[in-house]
Amino acid sequence: QVQLVESGGGLVQAGDSLRLTCAASGRTFSMIYMGWFRQAPGKERESVGAISWIGGIANYANSVKGRFTISRDNAKNTVYLQMNSLKSEDTAVYYCAARVETKPTYDYWGQGTQVTVSS
């Protein structure tokens with residue numbers, strides 16, 4: 001069992017920056033990848049990016065590449081999503097998720113944190 005809690009969302013203006021935090025607890029030793037997802041009203045959930053727990057290799061969706069950065073702190077079992085040059089299109093509920101062992105799906109999800117970017 002893995003528990004995830006996101007925090008750091010809020011209301012910002014276009015062009016501003018924001019950092020989201022995802023704190024993990026439970027069977028954190030089994031986590032392999034940490035992903036960030038987002039869902040805007042009326043739209044399906046989409047992947048923002050992910051990072052490997054070991055090695056810290058990250059990848060990103062084209063829509064956020066160059067603006068967002070995913071990092072992790074192994075000692076704190078915490079993952080971050082640094083968002084720069086925010087656009088109104090980035091407005092969504094942001095979720096973190098964990099893949100454990102060798103399973104191809106994200107099995108554990110946080111409750112989400114709202115990010116609103118005003119134009």
Enter the distance from [X]:[atom1] to [Y]:[atom2] here, rounded to the nearest 0.5 Å.
X	Y	atom1	atom2	result
Tyr108	Gln1	OH	CD	5.0 Å
Asp107	Arg99	CG	CZ	9.0 Å
Asn77	Cys22	CG	SG	10.0 Å
Leu20	Phe68	CG	CZ	8.0 Å

*Just do the side chain to side chain donor-acceptor pair (under 3.5 Å) check on Asp73 and Thr78 with the steps written out, would you?*
CA-CA 5 Å; Asp73 187 329; Thr78 300; over 6 Å; no
Within the structure provided, determine whether [X] and [Y] are in side-chain contact (heavy-atom separation under 4.5 Å).
X	Y	answer
Val48	Tyr60	no
Tyr33	Ile51	no
Val115	Met83	yes
Ser7	Thr113	no
Val2	Met31	yes
Trp53	Val79	yes

*Can you tell me which residue pairs pass the salt bridge (charged side-chain N to carboxylate O under 4.0 Å, His left out) test with a partner in residues 51-69, sequence neighbours excluded?*
Arg67-Asp90
Closest contact, heavy atoms only, [X] versus [Y]:
X	Y	value
Gly110	Tyr95	O-CD2, 3.6 Å
Ser47	Ala61	O-CB, 3.5 Å
Gly35	Tyr106	N-CE2, 3.5 Å
Ala92	Ala40	CB-N, 3.8 Å

In terms of side-chain heavy atoms, does [X] have a donor or acceptor partner in [Y] at a distance below 3.5 Å?
X	Y	answer
Gln3	Ser25	yes
Gln114	Thr116	yes
Tyr94	Arg38	yes

_Cation-pi check for Phe37 against Arg45: NZ or CZ below 6.0 Å from the six-membered ring centre and within 45 degrees of the axis, yes or no?_
yes
Using modelled atom types only, decide if a donor and an acceptor are shared between the side chain of [X] and the backbone of [Y] within a distance under 3.5 Å.
X	Y	answer
Thr91	Val117	yes
Gln111	Val5	no
Ser119	Ala14	no
Ser52	Ile54	yes
Arg19	Gln82	no
Asp16	Leu86	no

*When hydrophobic residues are tied together by side-chain contacts of less than 4.5 Å, even through go-betweens, does Val93 share a cluster with Leu81?*
no
*Give the intermediate values and the outcome of side chain to side chain contact (heavy atoms under 4.5 Å, CB included) for residues Tyr80 and Thr69.*
CA-CA 8 Å; Tyr80 305 94; Thr69 302; over 6 Å; no
